[in-house]
Asks: 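The structure that follows is given in the form of structure tokens.
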There are 2 protein chains.
Amino acid sequence: MKEKAPDWIGKVDPCDANCPSRDILDLIGDRWSLLLLLVIAQGHHRNGELKRRVGGISQKMLTQTLRALEANGLVERRDFGTVPPHVEYRLTPLGVSLAHSLTPLFEWIEREFDAVVAARAAFAGREAA
Amino acid sequence: MKEKAPDWIGKVDPCDANCPSRDILDLIGDRWSLLLLLVIAQGHHRNGELKRRVGGISQKMLTQTLRALEANGLVERRDFGTVPPHVEYRLTPLGVSLAHSLTPLFEWIEREFDAVVAARAAFAGREAA
DNA sequence: TGAAGTACGCACCTTGAGGTAACTATGAAA
DNA sequence: TTTCATAGTTACCTCAAGGTGCGTACTTCA
């Protein structure tokens, strides 16, 4: 008995440790990647801008994560070659489609945020008892 | 607001380093959490079963991740108290709703998998040149 | 004459995530 | 009688993720 037929099982199996989709999952399943995707989709494009928007990210992780997103074809980097430097990051069509697929997740967080916090408190209470 | 108001920005702001939604994002943005959610939704419920399904996970991470999911109200743990031990993990309604919100993401991975791999190869080629 | 902004690269170092192995108790099977 | 499966817990140890700080080349503002 299965509560709900999982529609998302197919040829690509992230459960297989050797399937390359694991790499994708690792990329997605990264706090900074998620946040950067979010912020870039919101229309912020420059290094400093992104750093200011994403609270707590270091310059190192910013560059590193942007490179990873670029390497996976999700973000396009445009260097204007001027001095002082001017570089812009934009979502590729692939990145846009991913951002759309993430929308339900962010919506879920907004919608169920309180429920999770409540569940967390309840659990903590149970443990303490 | 901003230029291209994305639908998923509201009171809950994961960009704020102090917003508790960061914790949720950290929980979700975890390879094992994602995979476990996936596998449990597929109808696998017991410790050993999960461990066998999710390639590469250690017993430690399995337990640890299941506890985290439980602590956040996404998974319910039922201990039958028998010996030898029999424990079952099931998605709570909250967990089911999250799994649904993740469906587009997994679908995206399946759909765009080849595109990402291609982009990755192209990028590697560009760098090597 | 500085100081600050811009987009990094690089070296150093710490911390913690996560792997491994050993141990728990018990019943069933070989 | 020994081994296995069950579902863990705990201690130990390593490796790499990621933070900090400095350097760079140039321009504009104070």
Side-chain angles (χ1 to χ4, degrees), chain A residues 14-15 17-18 22-36 39-40 44-72 75-90 123 126-127, chain B residues 14-15 17-18 22-37 39-40 44-72 75-90 123 126-128:
Chain A
C15 288
N18 296 322
R22 270 288 178 91
D23 300 347
I24 302 185
L25 212 54
D26 281 346
L27 178 72
I28 309 301
D30 177 51
R31 76 190 285 179
W32 300 131
S33 298
L34 260 313
L35 289 178
L36 277 179
V39 171
I40 297 178
H44 306 279
H45 305 301
R46 302 192 56 179
N47 183 305
E49 205 175 353
L50 296 174
K51 196 167 151 202
R52 260 170 268 124
R53 289 291 303 176
V54 179
I57 195 171
S58 67
Q59 176 62 54
K60 181 183 175 182
M61 287 315 294
L62 178 56
T63 303
Q64 196 170 303
T65 306
L66 285 171
R67 286 295 128 77
L69 292 175
E70 193 194 355
N72 284 268
V75 156
E76 179 201 6
R77 178 191 136 101
R78 278 226 317 238
D79 188 340
F80 288 73
T82 63
V83 91
H86 182 115
V87 179
E88 286 191 2
Y89 297 93
R90 288 174 186 280
F123 184 82
R126 249 177 290 140
E127 293 302 282
Chain B
C15 289
N18 296 322
R22 271 287 179 90
D23 300 346
I24 303 185
L25 213 54
D26 281 348
L27 178 73
I28 309 302
D30 176 52
R31 75 190 286 179
W32 299 132
S33 299
L34 260 311
L35 288 177
L36 277 178
L37 238 21
V39 171
I40 296 178
H44 306 279
H45 305 301
R46 302 192 55 180
N47 182 307
E49 205 175 354
L50 297 174
K51 196 166 150 203
R52 259 170 269 124
R53 288 292 304 178
V54 179
I57 195 171
S58 66
Q59 175 62 52
K60 180 185 174 180
M61 288 315 294
L62 178 56
T63 304
Q64 194 170 304
T65 307
L66 285 170
R67 286 294 129 79
L69 293 174
E70 193 193 355
N72 284 268
V75 155
E76 179 201 6
R77 180 191 134 102
R78 277 229 314 243
D79 189 339
F80 288 71
T82 61
V83 91
H86 182 117
V87 179
E88 286 191 2
Y89 297 93
R90 287 173 187 281
F123 184 83
R126 250 176 290 140
E127 293 301 282

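In what follows, chains carry the letters A, B, and so on, assigned in the order in which the sequence lines appear, proteins first and then strands, with residues in each chain numbered from 1.
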Asks: Whether A:R46 contacts C:dT6 is assessed here as follows: a side-chain N or O lying under 4.0 Å from the phosphate OP1 or OP2. Is that the case?
Replies: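 No, because none of the side-chain N or O atoms of A:R46 sits under 4.0 Å from OP1 or OP2 of C:dT6.
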Asks: Less than 4.0 angstrom between a side-chain N/O of A:R52 and OP1 or OP2 of C:dA7, yes or no?
Replies: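 For C:dA7, OP1/OP2 do not have a side-chain N/O of A:R52 under 4.0 Å.
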Asks: Of the nucleotides C:dG9, C:dG27, C:dG18, which one has an atom closest to the side chain of B:K60?
Replies: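 Looking only at side-chain atoms, B:K60 lies closest to C:dG18.
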Asks: Output the single nucleotide from C:dG19, C:dT26, C:dC8 whose closest atom is nearest the side chain of B:S58.
Replies: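 Among the listed nucleotides, the one closest to the side chain of B:S58 is C:dG19.
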Asks: Between which nucleotides of DNA chain D, 5' to 3', does chain A make heavy-atom contacts below 4.0 Å?
Replies: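 So the contact region on DNA chain D extends D:dG18 to D:dT27.
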Asks: Do A:R52 and A:H44 meet the criterion of a side-chain donor-acceptor pair at a distance under 3.5 Å?
Replies: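 On atom types as modelled, these side chains do not qualify, holding no pair under 3.5 Å.
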Asks: OP1, OP2 of C:dA7 versus side-chain N and O of A:R77: anything below 4.0 Å?
Replies: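 No, A:R77 has no side-chain N/O under 4.0 Å of OP1/OP2 on C:dA7.
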Asks: Taking atom P of C:dC10 as reference, at what distance in whole Å does atom CG of A:L62 sit?
Replies: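 In whole Å, C:dC10 P and A:L62 CG are 17 Å from each other.
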Asks: Tell me: NE2 of A:H45 to C1' of C:dT6, nearest whole Å?
Replies: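 Those two atoms, NE2 and C1', are 18 Å apart.
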Asks: Would you please name every residue forming a side-chain contact (heavy atoms from CB on, under 4.5 Å) with A:R77, sequence neighbours left out?
Replies: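 In terms of side-chain contact (heavy atoms from CB on, under 4.5 Å), with neighbours along the sequence ignored, A:R77 is linked to A:R67, A:E70, A:D79, A:V87, A:Y89.
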Asks: In whole Å, I'd like the distance from the CD atom of A:Q59 to the P atom of C:dG9.
Replies: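 So the CD-P distance, A:Q59 to C:dG9, works out to 9 Å.
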Asks: Provide, to the nearest angstrom, the distance between the CD1 atom belonging to B:I57 and the C1' atom belonging to C:dG18.
Replies: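 Roughly 11 Å, once rounded to whole Å.
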Asks: Among residues at least two apart in sequence or on other chains, which ones pass side-chain hydrogen bond (donor to acceptor under 3.5 Å, both in side chains) with A:Q64?
Replies: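 Scan of A:Q64 (side-chain hydrogen bond (donor to acceptor under 3.5 Å, both in side chains), adjacent residues dropped) gives none.
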Asks: With a 4.0 Å cut-off, would you call B:E49 and B:K51 a salt bridge?
Replies: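 No.
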